[in-house]
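Residue numbers start from 1 in every chain, and the chains themselves are labelled A, B, ... in the order their sequence lines are given, proteins ahead of strands.
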Amino acid sequence: MTGPWGWQRISGAQLRLEMVSYDYPGGVRALDGVDVQVGPGDFVAVMGANGGGKSTLLKLIVGLLHPGAGSISVDGVAVSPDSFSQIASMAGYLFQDPNDQLFCPTVAADIAYGPENLGLSDAEVQVRVAWAAETCGVADLLERPIHALSYGQKKRVALAGVLAMGPRVLVLDEPTASLDPMAEAGLMRLLKTLNEQGLTIIMATHDVDLIPTYAHRVLLLRKGSVAAEGPLGDVFAPGTHLENCDLRMPRIAYLFDIFSDEATRPLTIGQARKELVRMVEHGQLELVPILLRDASRGIAG
Amino acid sequence: MHIAEGILPVEWAAAWAAPAVAGAAVGLRRLKARTEDEPSVKSLVALMGAAVFAISLMPIPVPVAGSVSHPAGTPLAAVVVGPGAGIVVAAVSLLLQALFFAHGGLTTLGANIVSEGVVGSLAGFAVFWLARRGGRSLFWAGFLAGLLGDLAVYFTTAAELSLGLFPLGEAWPRLWAIFLSFLPTQLPLAVLEGVLTGGVLRSLAQLRPDIASRLRVSSGFVETPARASRVHRVRHWWQGAGHPGRVAAVGGMLLLGGLALWGLVWAIAVSTGGWVGLDEGVMERVAAERGRAAWTPFINTDVGDLLLFVFFAGALGAGGVIGWLSRGLRGMEPGNGGPVEGTTSSKRPRSLRLLGAAVAVLALLAVLVWALAAPGWSLGPVSGRSVGRVLGVMAHPGRQQLLSARGGDAVLFAFMASGLALGIVSGYRLRARRLRGRRLRIRLPHLHIHDVSSGDRLAWQSRGLGGVDARAKVGAVVVLLVANLVVGWWLSLGLMAGALVVVFGVQRVKRPVVLIRMAPALIVAAMLVLLRGFTVPGREILAIRLPGLAPVAFTTDGVLAGLELGLVVLAGVLLMLVLGLTTPLPKLLAALRWYRVPELLIEVGMLMYRYLFLFVEETGRMRQAQRLRGPEVAWGRAMGGLSSLGANLLIRSYERSQRVYDAQRLRGGTGRTARSAQGLRAVAGDHEEGGGRS
Ligand SMILES: Nc1ncnc2c1ncn2[C@@H]1O[C@H](COP(=O)(O)OP(=O)(O)OP(=O)(O)O)[C@@H](O)[C@H]1O
Ligand SMILES: [Mg+2]
């Protein structure tokens with residue numbers, strides 16, 4: 001079964017934000033002079049403290065809000081009230097709360113909503129619904145009413161509804177929050193696969209440990225402005241003051257630190273093991289082998 | 001106020017359907033027009049509808065009755081989303097209620113839409129608008145809208161019942177009789193609905209002035225300092241006033257209210273040209289038909305059914321005193337969670353003293369009333385003679401007529417007995433609460449959440465009739481419901497048996513689920529049998545004979561007549577239950593779409609279905625959160641809490657409606673979704689068809 005993009009490589013869209021500012025009514029400055037570019041096929045993680053402006057930024061990209069100053073474009077199309085449907089056909093947006101996103105009575109009806117509005121035939125719609133449901137692991141829930149789903153299941157259905165439209169850029173607001181560990185890993189693998197096929201992804205998240213394994217770039221927001229932006233290694237480099245953004249190093253970087261410091265600060269096997277056990281206890285089981293691989297690669301390099 | 005399925009004869013069901021359809025059509029037209037320049041309004045109406053539905057599931061404590069009840073909600077809906085949309089909301093939610101709770105009915109849907117939707121919305125909105133124009137504050141305008149809107153709904157229901165159950169010529173006086181018999185229970189409820197409506201609107205304007213003005217709830221009105229300070233002064237006075245002052249104030253208000261009520265009754269009596277009681281007309285007719293002499297009526301002498309009201313209230317009060325005192329006699333039980341200080345024995349004499357005092361006061365009252373009743377004064381339609389006949393029962397020369405087999409008195413005694421029982425129970429419980437150091441407690445609407453979602457789960461099963469096309473089921477049920485009204489008792493019996501076989505045999509529904517839904521209908525049926533059993537003359541089954549009094553007879557003819565109508569009601573409700581328990585609402589709405597029900601109504605219904613559960617759950621959670629922070633609250637604060645709860649629910653639904661609209665736009669919906677809403681085809685029965693083609 002193929003996705004909405006067929007067998008071809010997905011031509012990911014490119015985003016350009018120029019000196020974007022946004023004030024909420026009431027005077028809260030949520031974004032202040034944000035200047036960012038996201039290339040086609042990029043995988044960008046937007047991070048920062050609660051209230052840092054992540055959701056606002058994502059809403060601006062899809063045109064749910066309009067910047068007070070600056071401009072935003074998706075693949076050269078300027079985001080404005082007039083271009084709303086054009087943008088919506090390129091960008092798939094996942095709400096932070098799935099209860100906002102799912103408004104049809106049943107799962108099947110909700111996933112079909114977008115494709116039907118694209119003017120596809122019934123048969124094509126069916127294919128897309130089946131594909132999206134299968135991909136997001138909700139194929140056995142298709143006949144269920146939305147209110148009879150768990151929160152995590154709702155999140156998956158919401159993503160299925162977005163994917164079924166075959167977007168060229170995914171704009172996701174905390175897609176992994178409140179998913180179980182397996183679902184989280186599954187979702188991230190799916191995003192990685194899609195990204196490898198060329199889909200541009202920009203996602204807000206608080207999960208620092210997840211990012212290093214999947215995202216290419218990080219955009220760090222602090223009180224509405226860009227605190228750091230760039231490839232993973234640069235942002236999570238020792239010099240960045242992550243505490244300012246209420247962030248910590250990913251555990252992988254920790255480990256990396258421990259291993260690479262070995263020369264200067266002798267680390268016994270026992271200490272390293274303790275560190276590993278701590279990570280396992282914190283539920284990072286799946287990451288451990290990857291960590292070790294990346295870490296050893298890092299040491300080798 | 002929901003008229004149960006089967007009560008209205010077929011011609012009246014059809015007659016009320018016409019204005020209902022017209023009202024809904026106008027409402028839809030207005031809504032559609034608003035959708036054109038503000039596409040998000042559709043989701044707003046649906047979500048507000050779901051919120052109002054959830055609010056109307058909030059039980060309101062009624063201190064006098066010691067129980068809880070639910071507000072109607074349409075005046076509030078009309079103020080918030082406009083009268084046109086209010087009708088739409090009412091129509092959809094009445095449909096949902098008919099199917100979820102077997103509350104109301106399908107053949108009576110028209111009548112219910114007219115009373116609750118059309119009249120409730122228009123009256124509520126008009127009152128609100130006028131009051132605002134007159135410079136009333138948001139709370140008072142909302143209070144009046146809720147109060148008068150609620151009463152208007154009940155008045156319309158009374159009109160519908162009187163027209164449906166009595167010949168045209170008698171309908172006018174009957175209307176007033178039925179309306180007045182609603183009053184004892186409905187008046188407090190209407191006041192509560194007013195308090196809640198006003199409170200919600202005020203909280204809404206305080207919490208989110210931007211939303212309130214966008215909804216045009218608070219527009220064009222500025223809270224003047226003078227008015228604010230007046231309110232403040234009153235509050236200040238109340239806090240400062242001692243017990244006697246407050247008692248005097250409340251007493252004065254009650255007196256004024258009583259005088260107003262008296263005036264109202266007088267006006268009604270004058271306008272209807274003499275007072276006819278609840279069953280005078282029927283009785284005279286039946287008596288004449290059977291060639292018997294009619295008894296001189298008791299209830300409907302000069303004051304008519306007002307006495308029902310008076311006696312009910314009296315019995316309620318007396319019962320309350322008895323219950324209160326008897327709980328006091330029992331004293332406090334250690335281990336009942338109450339404070340154990342003060343031994344039980346020291347409590348008893350005080351209660352006995354109180355009991356004595358109460359008896360003395362009652363005796364004094366009796367003497368006073370006697371003095372009032374003895375002289376031959378008359379005030380409009382109410383005379384000393386009539387009061388005397390009521391209150392000086394035993395001394396009156398014509399007393400053997402007081403307990404006549406003509407039924408009127410049976411109704412009176414039923415009223416009095418129920419008032420007394422209700423009074424005793426609530427007095428007892430109130431005292432028990434007091435002794436445990438608690439005030440009134442508000443119960444969570446758990447039952448309803450549970451009931452709604454368990455019914456929904458059942459409906460999604462594909463067992464038995466669940467697999468049948470919804471269109472066929474809807475068509476069949478409507479035809480059967482109409483046949484149930486016109487054919488005769490044997491068909492009703494057959495339908496009932498058939499429905500029971502389907503529910504228990506085929507669908508294997510558990511008994512409690514059916515019982516909960518059937519409870520209102522069973523009560524209605526039992527009342528019909530009792531009422532007719534006592535009121536229709538014929539061969540006596542059971543007669544109560546007291547020396548010197550005419551017998552109260554329960555007759556076969558009466559039972560049969562009651563059973564006949566009761567059967568129709570039960571069969572109708574069971575049929576609806578079969579439909580509701582085997583067809584989930586989305587499929588039902590999809591079927592209605594096929595029957596050419598307007599698309600907008602269907603869409604609103606679908607959105608309401610989606611969000612109803614969320615709001616019911618949210619209400620539950622919010623109430624729990626509030627309770628956890630203050631588990632036992634006094635009544636006044638509880639109402640304040642309910643108001644802010646309701647306002648919060650409205651705010652959440654407003655905000656969510658904006659996000660839902662965003663979500664629709666982002667996936668290509670324009671707010672005027674043409675095909676999208678048909679996405680249901682995938683689940684509405686022809687799933688195989690779509691799958692086969694792919
Ligand atoms: N509707 C609103 N009205 C006014 N201010 C708002 C509104 N929504 C967000 N804000 C403010 O804008 C700022 C940025 O909010 P935003 O939702 O973008 O943060 P976030 O980074 O997504 O946070 P979180 O991690 O909690 O999701 C915050 O200071 C917030 O208080
Ligand atoms: Mg956010």
Side-chain angles (χ1 to χ4, degrees), chain A residues 1 25-26 59 62-65 84-85 87-89 91-131 142-149 154 158 161-162 164-165 167 171, chain B residues 43 46-47 210 452-453 456-457 459-460 462 584-590 603 605-618 652 655-670 673-684 686-687 689-694:
Chain A
M1 205 163 19
K59 283 181 192 157
V62 292
L64 286 180
L65 301 174
F84 187 89
S85 46
I87 300 293
S89 67
Y93 177 76
L94 190 76
F95 281 71
Q96 198 166 348
D97 182 356
N99 279 326
D100 293 332
Q101 182 142 9
L102 306 173
F103 47 82
C104 295
T106 64
V107 172
D110 206 277
I111 300 179
Y113 186 91
E116 280 177 350
N117 280 324
L118 293 178
L120 301 175
S121 74
D122 283 0
E124 284 170 307
V125 170
Q126 290 295 337
V127 172
R128 286 208 181 184
V129 169
W131 171 82
L142 276 179
E143 305 283 294
R144 287 247 209 128
I146 302 287
H147 59 82
L149 302 178
K154 282 183 193 168
V162 169
M165 292 187 68
V171 182
Chain B
S43 50
L47 270 78
D210 54 321
V452 172
S453 49
D456 184 64
R457 256 199 315 281
W460 280 101
S462 53
L585 205 79
K587 290 191 189 183
L588 197 97
L589 288 170
E603 273 181 64
M606 295 271 190
L607 272 171
M608 250 175 98
Y609 170 79
R610 163 71 187 94
Y611 284 100
L612 179 64
F613 296 90
L614 208 63
F615 282 124
V616 173
E617 267 168 40
E618 218 157 58
R652 285 193 192 194
E655 289 180 335
R656 174 157 278 141
S657 75
Q658 305 301 309
R659 293 194 295 264
V660 167
Y661 172 60
D662 283 343
Q664 290 177 334
R665 285 197 300 159
L666 279 172
R667 288 198 275 153
T670 54
T673 43
R675 289 182 63 215
S676 59
Q678 293 170 16
L680 263 183
R681 239 174 306 154
V683 291
D686 35 0
H687 186 55
E689 195 187 311
R693 260 185 279 148
S694 61

Whether A:H147 and B:Y609 hold their rings parallel, tilted or perpendicular, with breakpoints at 30° and 60°
perpendicular

Under 3.5 Å donor-acceptor, B:R610 side chain and A:L102 backbone:
yes

Is it true that a side-chain atom of B:Y611 and a backbone atom of A:N99 form a donor plus acceptor pair closer than 3.5 Å?
yes

Qualifying residue for side chain to side chain contact (heavy atoms under 4.5 Å, CB included) with B:D662, from A:L65, A:D100, A:L64
A:L64

Chain B shares the most heavy-atom pairs under 4.5 Å, among A:V62, A:D110, A:I87, with A:D110

Heavy-atom pairs under 4.5 Å with chain B - which of A:V162, A:L118, A:V129, A:I146 has more of them than the others?
A:I146

Check A:P145 against B:W460 and note the closest heavy-atom contact, atom names and distance.
CG-NE1, 3.3 Å

Max heavy-atom pair count under 4.5 Å with chain A, selected residue of B:D210, B:L666, B:L607
B:L666

From A:Y93 atom OH to B:R667 atom CZ, the distance as rounded to the nearest 0.5 Å
13.0 Å

Separation between CD of A:Q101 and CZ of B:R659, rounded to the nearest 0.5 Å:
12.0 Å

Okay, A:F103 and chain B: the region with an atom under 4.5 Å from a heavy atom over there is both

Assess B:R665 against A:F84: is NZ or CZ under 6.0 Å from the centre of the six-membered ring, and within 45 degrees of the ring's axis?
yes

Could you go step by step and tell me if A:D97 and B:R656 meet the side-chain contact (heavy atoms from CB on, under 4.5 Å) rule?
CA-CA 10 Å; A:D97 182 356; B:R656 174 157 278 141; 3.4 Å; yes

